[in-house]
Amino acid sequence: MMSSLQNPRQAAAQLMNFGLILSTAFMMWKGLSVITDSPSPIVVVLSGSMEPAFQRGDLLLLWNRNLFSETNVGEIVVYNVKGKDIPIVHRVVRKFGTGPDAKLLTKGDNNAADDTELYARGQDYLNRKDIVGSVIGYMPFVGYVTIMLSEHPWLKTVMLGLMGLVVVLQRE
Amino acid sequence: MYSSIVRLQNTFGFFTTVAFVIAAFIAASDLIAPRTPSVGVIKPTNVQVVRGRPHYYSSKKEEYAIIKFSLDADLSSLFTWNTKQLFVYVTAEWPSAGGSGSGQNATNQAVIWDSIITAPSADHLANLGPIAMKKLKRSAQGKSIDPSRGKLSIKNQRPKYQITHPSGKVAEQEDVVLRVHYNVQPWVGFLTWNQDADFWKWKTLRNNLSKKFTLPAIKKKDEKKAGASN
């Protein structure tokens, strides 16, 4: 099993292989980012505020270009609030004005009140630039892996170790 | 090398491939299901403008409008095997002062009422109390798809949300219209909204716009109070 480690040429080739897999994944992520014009084109739902549409662990595909129309009322958007790290997925329920200065108000389908209290202090509305993208695609459950990984950090080490082991032990 | 790790890897890889292909087929099946939604009636029945605090967290008094409305719509064709929920919402739209007309160019849009209609397969996810949940589940017992839930007939409905404007003024606003929209949430695939034009088997939502109306002047709440204190 460990014979591959004794052959430096093979070991180097396997290291390259591992690097190739990582860089391919990275390029695909960045490529998707360019196509959708969103810094984070795929997000995992973390809260139940959009239930029953989205549950924790569901995967959402975002789109951040306004090709045919502006971001409108009824769209489900992911937005960032100044001073908070975690992006929020909620529906736009009010829009005043047009263009980049339009004032947008959001609300979670499962929440009784709108998001005014979630915004930064003194902020009553969102602008287009606060929005990371609008939800266009949906895939259930798949994102639960990342929730598990972030809630149990030791899983990350185990998974990386396993992946490395498999690649190193694999012989073509 | 046929070690158990490689076998496990192959099995897992095959499983994910199959799962994703099936998911893609299910998502694509939306396209061949015809959508013929229609709105019979959408009209405001009672409109009031009040000055006060629309929410408990409002910091200042402002004008807000309460628009009661009637809605008749048949959205049953939107319920297919891939429909998780239908989100129906009614917006009020009005042009800004000096802006262009209503409709697509409306520059002020606010949801006044919305409703989540779950498909029977998603009933267990609805945020309801135990009694309402039981009732909901019983309404579609044995059915995984229940198109009859898409038939809406609502008379003189109170709005869920009052209309405000950042300027604090909405009274006597002209050219206000109500518009019906929907958003189909699939089990897997792309989210869809009512589209502006026919798209193959998907027909646009016709007649989803009310006639233009004008918001009334402020209703004096203080009159009553003044009368009581005398």
Side-chain angles (χ1 to χ4, degrees), chain A residues 1 3-4 48-55 58-61 63 68-70 72-76 91-99 101-114 116-117 122 124-125 134-142 162-163 165-167 169-172, chain B residues 1 3 5-6 8-9 16 19-20 23 27 55-59 84-85 87 89 91-94 96 99-100 104-112 114-116 118-119 122-128 160-161 163-167 179 181-183 185-194 196:
Chain A
M1 286 270 276
S3 62
S4 64
S49 60
M50 281 299 284
E51 278 183 356
F54 306 146
Q55 275 78 46
D58 292 348
L59 217 60
L60 306 175
L61 175 64
W63 182 257
F68 303 108
S69 65
E70 286 187 13
N72 270 320
V73 167
E75 285 184 38
I76 304 168
R91 198 184 292 271
V92 178
V93 291
R94 283 180 201 185
K95 181 182 179 190
F96 302 114
T98 49
D101 292 329
K103 294 181 157 100
L104 302 165
L105 181 71
T106 52
K107 176 183 167 292
D109 288 359
N110 201 17
N111 294 350
D114 58 48
T116 317
E117 299 207 317
D124 288 330
Y125 295 98
S134 303
V135 178
I136 56 161
Y138 172 81
M139 170 88 74
F141 315 125
V142 183
L162 268 180
M163 265 165 64
L165 207 68
V166 164
V167 171
L169 293 183
Q170 207 172 38
R171 255 187 298 189
E172 295 299 329
Chain B
M1 187 169 110
S3 70
I5 286 185
V6 172
L8 205 71
Q9 214 179 3
T16 44
F20 274 88
H55 314 286
Y56 66 89
Y57 51 81
S58 300
S59 51
K84 187 177 184 186
Q85 73 162 36
F87 187 80
Y89 54 107
T91 56
E93 308 181 354
W94 66 100
S96 280
S100 52
Q104 283 309 89
N105 298 320
T107 51
N108 298 300
Q109 271 185 302
V111 175
I112 62 165
D114 56 31
S115 177
I116 296 169
T118 51
D123 277 353
H124 60 286
L125 301 170
N127 180 17
L128 295 170
K160 281 168 88 171
Y161 317 105
I163 298 182
T164 56
H165 189 270
S167 69
R179 189 193 289 267
H181 316 243
Y182 65 80
N183 168 217
Q185 168 70 37
W187 275 107
V188 62
F190 291 101
L191 280 78
T192 44
W193 281 262
N194 47 315
D196 293 332

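For the numbers below, each heavy atom of this structure counts, side chains included, while hydrogens, waters and symmetry mates do not. Every chain is numbered from 1 and lettered A, B, ... according to where its sequence line falls, protein lines coming before strand lines.
- With L105(A) as the fixed residue, the side chain to side chain contact (heavy atoms under 4.5 Å, CB included) test singles out one of K95(A), R91(A), R94(A): R94(A).
- Side-chain atoms of K84(B) come within 3.5 Å of backbone atoms of A53(A) as a donor-acceptor pair (strictly under, hydrogens ignored).
- More than 12 heavy-atom neighbours from other residues, nucleotides or ligands sit within 6.0 angstrom of OH on Y125(A).
- Proximity to chain A (any heavy atom under 4.5 Å) is shown, for H165(B), by both the backbone and the side chain.
- Remark: M139(A) CE to F190(B) CZ distance equals 9.5 Å, nearest 0.5 Å.
- When each of L59(A), T116(A), L61(A) is scored by its heavy-atom pairs under 4.5 Å with chain B, the top score falls to T116(A).
- Going from atom CZ of F87(B) over to atom OG of S115(B) covers 8.5 Å, rounded to the nearest 0.5 Å.
- In this structure, chain B has no heavy atom under 4.5 Å from any part of S69(A).
- In terms of heavy-atom pairs under 4.5 Å with chain A, the best-connected choice from P186(B), P166(B), A126(B), A92(B) is P166(B).
- Scanning for salt bridge (Lys or Arg N to Asp or Glu O under 4.0 Å) contacts around K160(B) gives D114(B), with sequence neighbours left out.
- Annotation: salt bridge (Lys or Arg N to Asp or Glu O under 4.0 Å) contacts of D114(A) (sequence neighbours excluded): none.
- Annotation: maximal heavy-atom pairing with chain B below 4.5 Å, among P140(A), A113(A), G48(A), occurs at P140(A).
- With a 4.5 Å cut-off on side-chain heavy atoms, V73(A) and V111(B) count as touching.
- Ranked by heavy-atom pairs under 4.5 Å with chain A, the list I163(B), T118(B), L125(B) is led by L125(B).
- Of the listed residues (E51(A), E70(A), K107(A)), the greatest number of heavy-atom pairs within a distance under 4.5 Å of chain B belongs to K107(A).
- Proximity to chain B (any heavy atom under 4.5 Å) is shown, for I76(A), by both the backbone and the side chain.
- Neither the backbone nor the side chain of Y182(B) comes within contact range of chain A, judged by heavy atoms closer than 4.5 Å.
- If you measure heavy-atom distances from E117(A) to chain B, the contacts under 4.5 Å come from the side chain alone.
- Using a 4.5 Å cut-off between heavy atoms, T164(B) touches chain A through backbone and side chain atoms alike.
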